[in-house]
Visitor: 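Next up is a structure, given as structure tokens.
These figures come from a predicted structure and were not determined experimentally.
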Amino acid sequence: QVQLVESGGGLVQTGGSLTLSCAASGVTFRNYHMGWFRQPLGKEREFVATIARPGSGGATFYADSVKGRFTASRDNAKNTITLQMNNLKPEDTAVYFCAASQIALSAITNPEYYYGWGQGTEVTVSS
């Protein structure tokens with residue numbers, strides 16, 4: 001059973017940076033795509049970034065809203081993923097989650113195909 005624990009959230013000013021981390025256990029980590037999603041208060045969960053599993057090429061996919069500002073990476077030896085967030089904006093304020101998937105790449109941005117959701121880590125960007 002996959003277990004994921006997010007950390008690294010906090011309060012930051014507009015233009016600032018944060019690095020989120022996610023530690024995985026209970027799975028053969030390298031067999032899973034690992035994604036970051038976020039849920040602003042009162043809104044639905046949305047895709048942020050996903051790193052495909054090595055067996056599927058290991059490519060990284062980003063939401064248009066974060067391209068050029070966020071960088072996702074994975075360490076298959078340590079069973080961790082990170083999300084480096086730069087030039088943060090107030091609209092980035094949300095609870096951030098990591099999750100795992102084995103879905104085809106064509107559906108890799110759909111949160112319905114992910115599981116192992118943790119408690120999330122809250123990111124607040126002040127204007």
Side-chain angles (χ1 to χ4, degrees):
Q1 180 178 355
V2 59
Q3 293 183 322
L4 302 170
V5 179
E6 305 92 342
S7 62
L11 173 64
V12 65
Q13 292 184 332
T14 296
S17 299
L18 281 175
T19 301
L20 306 184
S21 297
C22 171
S25 60
V27 294
T28 304
F29 183 74
R30 64 184 300 108
N31 289 346
Y32 290 80
H33 313 310
M34 296 300 301
W36 286 101
F37 296 82
R38 65 188 182 187
Q39 187 165 15
L41 185 64
K43 297 184 179 180
E44 293 188 353
R45 194 165 295 182
E46 61 185 31
F47 168 73
V48 175
T50 287
I51 311 168
R53 58 191 174 189
S56 296
T60 307
F61 304 84
Y62 296 97
D64 288 343
S65 59
V66 306
K67 279 182 182 176
R69 301 188 297 122
F70 290 12
T71 302
S73 60
R74 65 187 292 164
D75 186 331
N76 294 311
K78 295 182 178 179
N79 287 10
T80 59
I81 61 171
T82 61
L83 184 67
Q84 174 65 45
M85 305 186 296
N86 298 324
N87 190 22
L88 283 161
K89 304 175 180 180
E91 52 264 42
D92 295 319
T93 295
V95 178
Y96 284 70
F97 301 87
C98 62
S101 178
Q102 293 184 304
I103 197 65
L105 292 181
S106 59
I108 205 169
T109 64
N110 190 335
E112 293 185 2
Y113 298 112
Y114 283 76
Y115 41 86
W117 301 94
Q119 294 297 311
T121 186
E122 188 168 0
V123 172
T124 303
V125 185
S126 63
S127 57

Visitor: Report yes or no: does His33 contribute a side-chain atom to a donor-acceptor pair with the main-chain N or O of Thr50 at less than 3.5 Å?
Guide: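 Side chain of His33 to backbone of Thr50, a donor-acceptor pair under 3.5 Å: no, none is there.
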Visitor: Between the main-chain N or O of Ile108 and the side-chain N or O of Tyr114, is there a donor-acceptor pair closer than 3.5 Å?
Guide: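 Side chain of Tyr114 to backbone of Ile108: a pair is present.
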Visitor: Roughly how far apart are Arg53 CZ and Arg74 CZ, rounded to 0.5 Å?
Guide: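 Here the interatomic distance stands at 9.5 Å.
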Visitor: Please report the closest heavy-atom contact between Leu18 and Gly9, naming both atoms and the distance.
Guide: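 So the two residues come closest at CD1-C, 4.5 Å.
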Visitor: Has Glu6 got a side-chain atom pairing as donor or acceptor with Cys98's backbone, closer than 3.5 angstrom?
Guide: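 Here the side-chain-to-backbone pair exists.
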Visitor: Show the nearest heavy-atom pair for residues Thr109 and Phe47, with the distance to one decimal.
Guide: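 For Thr109 and Phe47, the tightest heavy-atom pair comes out as O-CB, 3.4 Å.
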Visitor: Classify the side-chain pair Ser21/Ser7 by whether it contains a donor and acceptor separated by less than 3.5 Å.
Guide: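 There is no such pair (donor and acceptor under 3.5 Å, judged by atom type) between the side chains of Ser21 and Ser7.
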Visitor: Report the residue from Arg38, Met85, Lys89 that forms a side chain to side chain contact (heavy atoms under 4.5 Å, CB included) with Val66.
Guide: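 For Val66, the side chain to side chain contact (heavy atoms under 4.5 Å, CB included) check succeeds only for Arg38.
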Visitor: Going by the rule ring-ring contact (aromatic ring centres under 6.0 Å, His included), which residues pair with Phe61 if we only count those two or more places apart in sequence or in a different chain?
Guide: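 Phe61 satisfies ring-ring contact (aromatic ring centres under 6.0 Å, His included) with no residue once adjacent residues are dropped.
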Visitor: Any donor-acceptor pair under 3.5 Å linking the side chain of Arg45 with the backbone of Phe97?
Guide: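 No; judged by distance alone, with no hydrogens or angles, the pair does not exist.
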Visitor: What residues form a salt bridge (Lys or Arg N to Asp or Glu O under 4.0 Å) with Arg69, not counting sequence neighbours?
Guide: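 Applying salt bridge (Lys or Arg N to Asp or Glu O under 4.0 Å) to Arg69 gives Asp92.
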Visitor: Counting only N and O atoms by type, is there a donor-acceptor contact under 3.5 Å from the side chain of Thr82 to the main-chain atoms of Leu20?
Guide: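 Here the side-chain-to-backbone pair does not exist.
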Visitor: Of all residues at least two apart in sequence or in a different chain, which pass the side-chain hydrogen bond (donor to acceptor under 3.5 Å, both in side chains) check with Lys78?
Guide: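 side-chain hydrogen bond (donor to acceptor under 3.5 Å, both in side chains) list for Lys78, sorted by chain: empty.
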Visitor: Under the side-chain contact (heavy atoms from CB on, under 4.5 Å) rule, collect the residues that match up with Tyr115, sequence neighbours excluded.
Guide: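 Tyr115 satisfies side-chain contact (heavy atoms from CB on, under 4.5 Å) with Val2, Tyr32, Gln102 once adjacent residues are dropped.
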Visitor: Measuring from atom OH of Tyr113 to atom OG of Ser106, what distance do you get when rounded to the nearest 0.5 angstrom?
Guide: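 It is 8.5 Å, given to the nearest 0.5 Å.
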Visitor: Can you list everything that forms a salt bridge (Lys or Arg N to Asp or Glu O under 4.0 Å) with Glu122? Sequence neighbours excluded, please.
Guide: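 Result, salt bridge (Lys or Arg N to Asp or Glu O under 4.0 Å) vs Glu122: none returned.
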Visitor: CG of Leu4 to CD1 of Ile81: how many Å apart, nearest 0.5 Å?
Guide: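 CD1 of Ile81 is found 7.5 Å from CG of Leu4.
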Visitor: Is it the case that atom CD in Glu91 sees more than 12 heavy atoms from other parts of the structure closer than 6.0 Å?
Guide: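 More than 12 heavy atoms, drawn from other residues, nucleotides or ligands, come within 6.0 Å of this atom.
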Visitor: Quick one: does any side-chain atom of Tyr62 pair with a main-chain N or O of Ala72 as donor and acceptor, under 3.5 Å?
Guide: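 The answer is yes, because a donor-acceptor pair under 3.5 Å joins these two groups.
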Visitor: Distance from Ser73 atom OG to Met34 atom CE, nearest 0.5 Å?
Guide: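 Result: 11.5 Å between the selected atoms.
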Visitor: Could you give the distance from CG (Asp75) to OG1 (Thr80), rounded to the nearest 0.5 Å?
Guide: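 Separation between the atoms: 4.5 Å.
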Visitor: With rounding to the nearest 0.5 angstrom, report the OG to CG distance, Ser126 to Leu88.
Guide: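 That separation rounds to 10.0 Å.
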Visitor: Which heavy atom of Ala52 sits nearest a heavy atom of Leu105, and at what distance?
Guide: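 That closest heavy-atom pairing would be CB-CD2, 3.9 Å.
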Visitor: What residues, two or more places apart in sequence or in another chain, satisfy side-chain contact (heavy atoms from CB on, under 4.5 Å) together with Gln84?
Guide: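 Listed in chain order: Ser17, Thr19, Thr71, Asn86.
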